[in-house]
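First the structure, in the form of structure tokens, and then the observations on it.
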Amino acid sequence: MQLYRTKDGFALLGCCFRRAIAPDVYIFSALLDGLVVEDRILEAEMLFKKLIKQKLCEPDVVMYNTMIKGLCKFGNNVTALALLRLMEQKNCKPSIVTYSTIIDSLCKDKMIDDAFKLFKEMVSDKGILPDVITYNSLICGLCKFGHWDEASKMLKEMADEKISPNVKTFTALVDAFCKEGKVKEAEAVINIMIERGKVPNIVTYNSLIDGYCLRGEMSKAREIFDSMTLRGLVPNVVTYNSLLNGYCKNLNIEKAEQMFHEMTVKGLKPNVVTYTTMLQGLFQVGRCVAARKLFDEMHAQGQIPNECTYGIVLDGLCNNHLVEDALSLFHLVGNSKLNSNIVVYNILIDGAGKYGKVDIARVLFQGLIDKGLQPNVRTYTVMISCFCQEGLLGEAKLLFLKMNESGCPPNDVTYRVLLQGYLKNQHYDDVVMLLQEMVDRGYSLGASTLSLFIDHIAVGLLDRSMLKLLGKLVPKELMDDPSF
DNA sequence: GTAGGGTTAG
């Protein structure tokens with residue numbers, strides 16, 4: 001059933017009914033799992049409800065777990081948790097799998113506190129002992145938050161419980177360190193795991209390679225890539241995708257194209273991520289025609305662009321003075337799910353604003369509201385930036401004030417954008433008040449906004465008395481900079 | 001015979 005053959009599963013089910021063989025809970029569980037694997041969550045829920053309502057079978061713990069897995073996969077932790085309570089009500093004891101599934105999902109959705117609440121319930125109230133999988137989810141969640149102290153506390157707790165970390169535990173640590181740019185620490189983890197007799201695998205090395213790529217240390221990334229091959233580990237699509245991304249971000253598109261070719265020669269099939277990475281690289285160096293060609297090739301190879309691809313293409317077009325093309329693509333896509341993402345609107349509004357098309361930005365902003373989409377801080381900020389650029393400070397201020405009412409308070413970037421707009425238009429009425437608000441919120445001015453203020457003071461447009469307030473808003477990086 | 005954890009693109 002895991003082989004994406006739910007159709008055959010249902011055919012088999014029909015067969016059962018015709019021959020008057022009662023399908024049992026095993027068959028229904030497998031069917032349910034098939035639907036979940038194929039992302040057919042609504043059908044899975046319908047099947048599950050139908051089974052209970054029509055008393056076709058009494059769900060057992062495995063079937064509940066399968067349904068819970070499906071709900072978690074679609075971010076519906078609330079219903080997953082409700083199902084866990086239903087199990088208790090129906091005297092079907094939740095197992096360690098039930099708890100671990102939901103704990104993992106909560107961690108992935110950054111709801112660490114809820115995850116730990118459930119963890120505590122599992123251990124203290126239900127007396128279920130956590131295993132290495134439960135710990136891995138929690139440690140992973142803590143690391144992604146940068147809560148290293150608590151993560152190491154969990155590692156110690158594992159040791160006390162005589163549960164050894166496995167390859168996945170160590171890999172999660174390697175990955176978390178790499179994502180924070182701490183590649184040396186990541187390498188130390190790999191050394192520890194080897195000392196403890198655990199063999200790093202392709203996933204472990206992929207994380208490390210990605211870490212070096214993100215730092216732009218491509219020769220080091222390449223070195224690990226080569227050493228990995230020497231150890232008999234075969235680089236996969238993920239390995240290549242990280243390297244491609246690294247080369248593209250370093251604007252070494254030729255090297256990326258060479259690696260792209262190399263991977264196909266080795267029989268690896270470029271996937272959506274590969275194409276999306278290359279598209280971004282090509283746009284970044286302004287090779288829009290080549291990007292278009294690759295986009296067509298992607299289609300021909302049966303790789304369907306997803307939300308991420310779409311966003312990168314729109315952004316690439318906007319940044320290459322092709323806002324019109326971005327807008328036609330947007331209209332071509334129409335009412336599809338691709339256009340139901342706030343990020344898409346943020347990109348287009350930003351693009352329109354940068355090229356002085358404030359009317360289009362306004363229409364886009366109204367359009368997303370009409371669609372029922374929720375503007376986020378970025379949406380408001382790019383819109384405010386549009387208004388400022390056109391000198392429409394009144395509208396900028398109105399929208400800025402609306403942010404608080406809408407439960408989406410401005411962040412440091414919003415303040416900087418508005419202040420830059422005020423200064424560039426020599427409009428100083430609210431400046432002191434805004435600066436004071438920034439101080440109260442613990443924000444700082446970016447280097448460029450700060451130097452804009454200095455310039456205005458130097459030519460006498462702003463009073464020197466403002467320096468005291470500005471002093472509280474100097475970014476930390478500049479404080480440490482001796483040249484400042 | 002069915003259920004849970006680690007890697008890539010904004």
Side-chain angles (χ1 to χ4, degrees), chain A residues 1-2 9 24-34 36-37 57 59-70 72-73 80 94-105 107-108 122 130-141 143-144 165-176 178-179 186 189 193 198 200-211 213-214 235-246 248-249 270-281 283 303 305-316 341-344 346-347 378:
Chain A
M1 209 53 68
Q2 304 258 6
D24 59 8
V25 66
Y26 291 105
I27 291 180
F28 282 125
S29 279
L31 269 178
L32 196 67
D33 192 56
V36 169
V37 167
C57 79
D60 65 354
V61 60
V62 175
M63 185 176 272
Y64 274 111
N65 289 346
T66 309
M67 191 66 242
I68 286 173
K69 174 180 77 171
C72 288
K73 194 173 171 188
S95 67
I96 184 159
V97 177
T98 323
Y99 277 102
S100 297
T101 306
I102 305 179
I103 287 171
D104 185 65
S105 179
C107 286
K108 290 211 166 76
M122 177 183 100
D131 63 10
V132 63
I133 297 180
T134 327
Y135 277 113
N136 283 355
S137 293
L138 290 168
I139 290 170
C140 200
C143 287
K144 281 189 178 142
N166 61 17
V167 176
K168 289 188 183 186
T169 322
F170 286 118
T171 302
L173 292 171
V174 168
D175 190 56
C178 285
K179 292 242 157 48
V189 171
M193 72 186 283
K198 301 279 183 286
N201 60 21
I202 180 80
V203 181
T204 322
Y205 283 111
N206 280 350
S207 286
L208 187 62
I209 287 174
D210 194 56
C213 287
L214 292 176
N236 60 17
V237 180
V238 178
T239 327
Y240 275 96
N241 286 349
S242 287
L243 287 164
L244 290 177
N245 187 38
C248 285
K249 292 284 145 66
N271 62 15
V272 187
V273 180
T274 321
Y275 283 108
T276 307
T277 307
M278 289 303 295
L279 282 169
Q280 179 166 236
F283 276 121
Q303 295 295 324
N306 60 19
E307 281 183 38
C308 191
T309 322
Y310 183 56
I312 285 169
V313 168
L314 289 178
D315 196 46
N341 189 338
I342 191 65
V343 178
V344 167
N346 294 350
I347 292 167
R378 281 182 108 105

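Note that the structure is predicted; figures quoted are calculated from it, not measured. In what follows, every chain begins at residue 1, and chains take the letters A, B, ... in the order their sequences are listed.
Side-chain atoms of I133(A) and N136(A), non-hydrogen and from C-beta on, never get closer than 4.5 Å to each other.
Whole-Å rounding puts the L214(A) CG to dA9(B) C1' distance at 11 Å. Taking atom CE of residue M63(A) and atom P of nucleotide dA3(B), one finds them 12 Å apart after rounding to whole Å. Going from atom CD1 of I27(A) over to atom P of dA3(B) covers 15 Å, rounded to whole Å. Rounded to an integer number of Å, the gap from N206(A) CG to dG6(B) P is 15 Å. Atom CD1 in I102(A) sits about 15 Å away from atom C1' in dG5(B), given to the nearest Å. Between the C1' atom of dA9(B) and the CD atom of E307(A) lies a distance of 13 Å, rounded to the nearest Å. Rounded to whole Å, atom P of dA9(B) lies 11 Å from atom CG of L244(A). Taking atom NZ of residue K108(A) and atom C1' of nucleotide dG4(B), one finds them 9 Å apart after rounding to whole Å.
Among the protein residues, T239(A) comes within range of no part of the nucleic acid, since none of its heavy atoms lies under 4.0 Å from any strand. D315(A) comes within contact range of no nucleotide atom at all, as no heavy-atom separation falls under 4.0 Å. At a threshold of 4.0 angstrom between heavy atoms, the contacts of V167(A) include nucleobase atoms, whether or not backbone atoms are also involved. T98(A) comes within 4.0 angstrom of no nucleic acid atom, judged by non-hydrogen atoms across all strands. At a threshold of 4.0 angstrom between heavy atoms, the contacts of I96(A) include nucleobase atoms, whether or not backbone atoms are also involved. As judged by a 4.0 angstrom heavy-atom cut-off over every strand, T274(A) is placed among residues making no nucleic acid contact.
Comparing atom distances between the N245(A) side chain and each of dT2(B), dA9(B), dG1(B) picks out dA9(B) as nearest. Minimum atom distance to the side chain of Y26(A) is reached by dT2(B), of the listed dG5(B), dT2(B), dA9(B). Here the side chain of T277(A) is nearest to one of dA3(B), dA9(B), dG6(B), namely dA9(B). Considering only side-chain atoms of T134(A), the nucleotide from dA9(B), dG4(B), dT7(B) that sits closest is dG4(B). Comparing dG4(B), dT7(B), dG6(B) against the side chain of V238(A) picks out dT7(B) as the nearest. Proximity note for T101(A) (side chain, C-beta onward) versus dG4(B), dA9(B), dG6(B): the nearest is dG4(B).
Here the SG-CG distance, from C140(A) to L173(A), works out to 8.5 Å after rounding to the nearest 0.5 Å. Interatomic distance, OH of Y240(A) versus CG of N245(A), reported as 16.0 Å (0.5 Å rounding).
Checked by distance alone, N166(A) brings no side-chain donor or acceptor within 3.5 Å of a matching partner on the base of dG6(B). Below the 3.5 angstrom threshold, one finds a donor paired with an acceptor across the side chain of S100(A) and the base of dG4(B). A donor and an acceptor atom sit less than 3.5 Å apart, one in the side chain of T171(A) and one in the base of dG6(B). You'll find a donor-acceptor pair under 3.5 Å spanning the side chain of N306(A) and the base of dA9(B), going by distance alone.
A sub-4.0 Å separation between OP1 or OP2 of dG4(B) and a side-chain N or O of K69(A) is present. Not one side-chain nitrogen or oxygen of K73(A) sits closer than 4.0 Å to the OP1 or OP2 atom of dA3(B). Between K198(A) and dG6(B) there is no side-chain polar atom (N or O) within less than 4.0 angstrom of OP1 or OP2. Of the side-chain N and O atoms in K144(A), one or more sit less than 4.0 angstrom from OP1 or OP2 of dT7(B).
There is a side-chain donor-acceptor pair under 3.5 Å between N241(A) and N271(A). Of the N and O atoms on the side chains of S100(A) and T134(A), at least one donor lies less than 3.5 Å from an acceptor on the other residue. Side chains of N65(A) and K69(A): a donor-acceptor N/O pair is absent below 3.5 angstrom, by distance only.
When the side chain to side chain donor-acceptor pair (under 3.5 Å) test is applied to T309(A), the partners found at least two apart in sequence or on another chain are T276(A), N306(A).
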